[in-house]
Amino acid sequence: MANSHDHSGHDRGAAVHVHGTTDKKRVLIAACLTAGFMVAEALGGLFTGSLALLADAGHMLADAIALGLAWYAFHLAGRPATVRLTYGFGRVKTLVAYTNGIAIFVIALWIVYEAWQRLLTPAPVLGGPMLVVAILGLLVNIGSFLVLHGGDHESLNMRGAILHVLGDLLGSAAAIVAALVILATGWTPIDPILSVLVSLLILSTAWSLMRAAAHVLLEGVPPTLDRDLIARDLETTIQGVREVHHMHVWSIDGSSNMATLHACLDEGVDAHKAVSALKKRLASEHGISHATVEPEFGQCADEADDHDHDHEHEHDATAHHSHHH
């Protein structure tokens with residue numbers, strides 16, 4: 001286990017950078033493929049009267065925009081930090097992933113509503129042309145999916161992009177099935193029914209993406225890490241560390257992790273050595289590349305302040321009380 005994390009922060013940074021540039025290209029290719037075919041599919045949907053095709057074109061429109069945003073997020077993330085944005089633009093990707101989730105939700109709900117209308121008043125559907133457009137759509141989506149699938153699966157932005165294309169893939173597959181059923185039996189309600197099924201599948205995946213992105217935005221502890229276990233590990237492995245408290249662990253963008261903590265040291269311990277050992281351990285064993293460590297001897301500075309503060313309150317209360325008398 002120790003080995004799997006045992007690479008220096010520099011290697012990790014280089015790997016993330018390489019992933020970032022190839023991910024950016026992958027997302028751009030997928031965005032162009034999706035946008036190009038979306039127009040054809042929307043026209044096909046209007047021509048054939050198929051909701052499944054229109055639903056898929058709706059997905060593809062959102063996906064083309066989402067993939068464009070995902071590309072822009074990668075583009076921004078490469079910019080250096082500024083005086084106002086000291087962490088840089090890394091979190092734009094997470095923000096885009098979250099917004100993507102909301103967009104997918106809205107589209108899926110619109111399709112469900114539209115399908116309900118179709119079931120109440122069935123409309124004629126041209127099965128043949130619908131089948132041709134749906135098969136072409138499937139091929140384009142498979143292409144986009146393969147392009148994106150080679151990217152970094154831990155990046156929330158990439159996950160969002162893959163999720164969109166996966167939704168399109170399902171949409172095209174459903175449209176093909178609907179077209180075949182209509183050609184074979186002439187039963188048109190299959191068209192709205194399948195478009196609803198696709199929407200429900202997409203809703204569940206969108207929800208999980210939004211949850212993951214919201215967790216990052218709320219400064220939650222990354223799912224792969226356990227704050228309390230890390231604190232115990234530091235206390236038991238680093239010499240001279242009596243206690244670790246006030247520990248916060250979070251992630252900037254879902255891939256680079258950060259921590260702040262107070263380390264209570266035994267008397268006579270070299271604070272500089274202890275802090276440096278703690279940082280090394282966090283980087284090599286727990287994948288936390290950036291840590292701020294506050295060394296303490298005796299009483300915790302924050303707790304001392306709290307104590308003084310409480311004392312002041314008591315003093316004020318007594319003064320107030322005597323004033324009343």
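The OG1 atom of Thr48 sits 8.0 Å away from the CG atom of Asp191 when rounded to the nearest 0.5 Å. From Glu243, atom CD reaches atom CG of Leu265 across 11.0 Å, with rounding to the nearest 0.5 Å. Asn100 CG to Leu67 CG: the interatomic distance, rounded to the nearest 0.5 Å, is 8.0 Å. Residue Trp71 holds its CH2 atom at 14.0 Å from CG of Asp23, rounded to the nearest 0.5 Å. Going from atom CD of Glu294 over to atom SG of Cys300 covers 7.0 Å, rounded to the nearest 0.5 Å. In this structure, Lys279 NZ and His290 NE2 are separated by 7.0 Å, a value rounded to the nearest 0.5 Å.
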Exercise for the section: Evaluate side chain to side chain contact (heavy atoms under 4.5 Å, CB included) for Asn141 paired with Leu170, printing each intermediate quantity in order. Expected result: CA-CA 9 Å; Asn141 288 323; Leu170 286 170; over 6 Å; no
Practice task
Begin with the C-alpha distance, continue with both residues' side-chain angles, and end with the deciding distance and a verdict on side chain to side chain contact (heavy atoms under 4.5 Å, CB included) for Leu282 and Leu261.
Solution key: CA-CA 11 Å; Leu282 284 168; Leu261 59 104; 3.9 Å; yes
Exercise for the section: Start with the C-alpha gap between Phe89 and Leu85, add the side-chain angles, then the distance that decides, and say whether side chain to side chain contact (heavy atoms under 4.5 Å, CB included) holds. Expected result: CA-CA 7 Å; Phe89 292 82; Leu85 292 166; 3.6 Å; yes
Exercise for the section: Kindly determine whether Asp233 and His286 satisfy side chain to side chain donor-acceptor pair (under 3.5 Å), including the steps that lead there. Expected result: CA-CA 10 Å; Asp233 172 66; His286 304 291; 2.8 Å; yes
Practice task
Apply side chain to side chain contact (heavy atoms under 4.5 Å, CB included) to the pair Thr34 and Val140, showing each step before the final yes or no.
Solution key: CA-CA 7 Å; Thr34 306; Val140 170; 5.7 Å; no
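The closest donor-acceptor contact from the side chain of Arg159 to the backbone of Leu209 lies at 3.5 Å or more, if one exists at all. Panel note: side chain Lys24, backbone His75; no donor-acceptor pair is recorded below 3.5 Å. With Thr86 contributing its side chain and Thr82 its backbone, the two residues share no donor-acceptor pair below 3.5 Å. Distance alone, capped at 3.5 Å, is enough to place a donor-acceptor pair between the Arg91 side chain and the Ile252 backbone. Under a 3.5 Å cut-off, the side chain of Ser199 and the backbone N or O of Ser195 do form a donor-acceptor pair. Side chain of Arg227 to main chain of Trp250: no donor-acceptor pair is present (N/O by atom type, distance under 3.5 Å, no hydrogens or angles). A side-chain donor-acceptor contact under 3.5 Å links Asp226 to the backbone of Leu229.
Counting heavy-atom neighbours within 6.0 Å of Trp116 CH2, excluding the residue itself, gives a total of 12 or less. Within a 6.0 Å radius of OH in Tyr113, no more than 12 heavy atoms belonging to other residues, nucleotides or ligands are found. The neighbour count for Arg26 CZ, taken as heavy atoms of other residues, nucleotides or ligands under 6.0 Å away, is above 12. More than 12 heavy atoms of other residues, nucleotides or ligands shown are found within 6.0 angstrom of CZ on Arg242.
Closest of all the heavy-atom pairs between Val96 and Ala70 is CG1-N, 4.0 Å. Considering every non-hydrogen atom in both Ala231 and Met247, the closest pair reads CB-SD, 3.9 Å. Closest heavy-atom contact between Leu53 and Ala175: CD2-CB, 4.0 Å. Nearest heavy-atom pair, Pro122 versus Thr188, reported as atom, atom and distance to 0.1 Å: CB-OG1, 4.3 Å. When all heavy atoms are compared, the tightest approach of Ala81 to Tyr87 is CB-C, 4.3 Å. Nearest heavy atom pair, residue Gly298 against residue Glu267, reads N-OE2, 4.0 Å.
Neither Leu69 nor Phe105 shares a network with the other; the hydrophobic side chains, linked directly or stepwise wherever heavy atoms of I, L, V, M, F, W or Y lie under 4.5 Å apart, form separate groups for each. Ile193 and Met130 fall within a single hydrophobic cluster, where Ile, Leu, Val, Met, Phe, Trp and Tyr side chains are chained together by heavy-atom contacts under 4.5 Å. In the hydrophobic clustering of ILVMFWY residues, with side-chain heavy atoms under 4.5 Å counting as a link, Val133 and Val177 come out together. Cluster membership check: Leu169 shares its hydrophobic cluster with Leu197, using side-chain heavy-atom separations under 4.5 Å among Ile, Leu, Val, Met, Phe, Trp and Tyr. Ile107 and Ile102 fall into different hydrophobic clusters, where Ile, Leu, Val, Met, Phe, Trp and Tyr are joined by side-chain heavy atoms under 4.5 Å apart, directly or via other members.
Inter-residue side-chain proximity for Leu217 and Tyr98 is flagged as met; some heavy-atom pair is nearer than 4.5 Å. Ile288 is listed as a side-chain neighbour of Leu225, based on a closest heavy-atom distance under 4.5 Å. Counting heavy atoms from C-beta outward, Pro222 and His215 have side chains that stay 4.5 Å or more apart.
Look at Glu235 and Arg281 and you find no salt bridge, because none of the NZ, NE, NH1 or NH2 atoms lies under 4.0 Å from a carboxylate O.
For Glu296 and His245, the side-chain atoms include at least one donor-acceptor pair closer than 3.5 Å.
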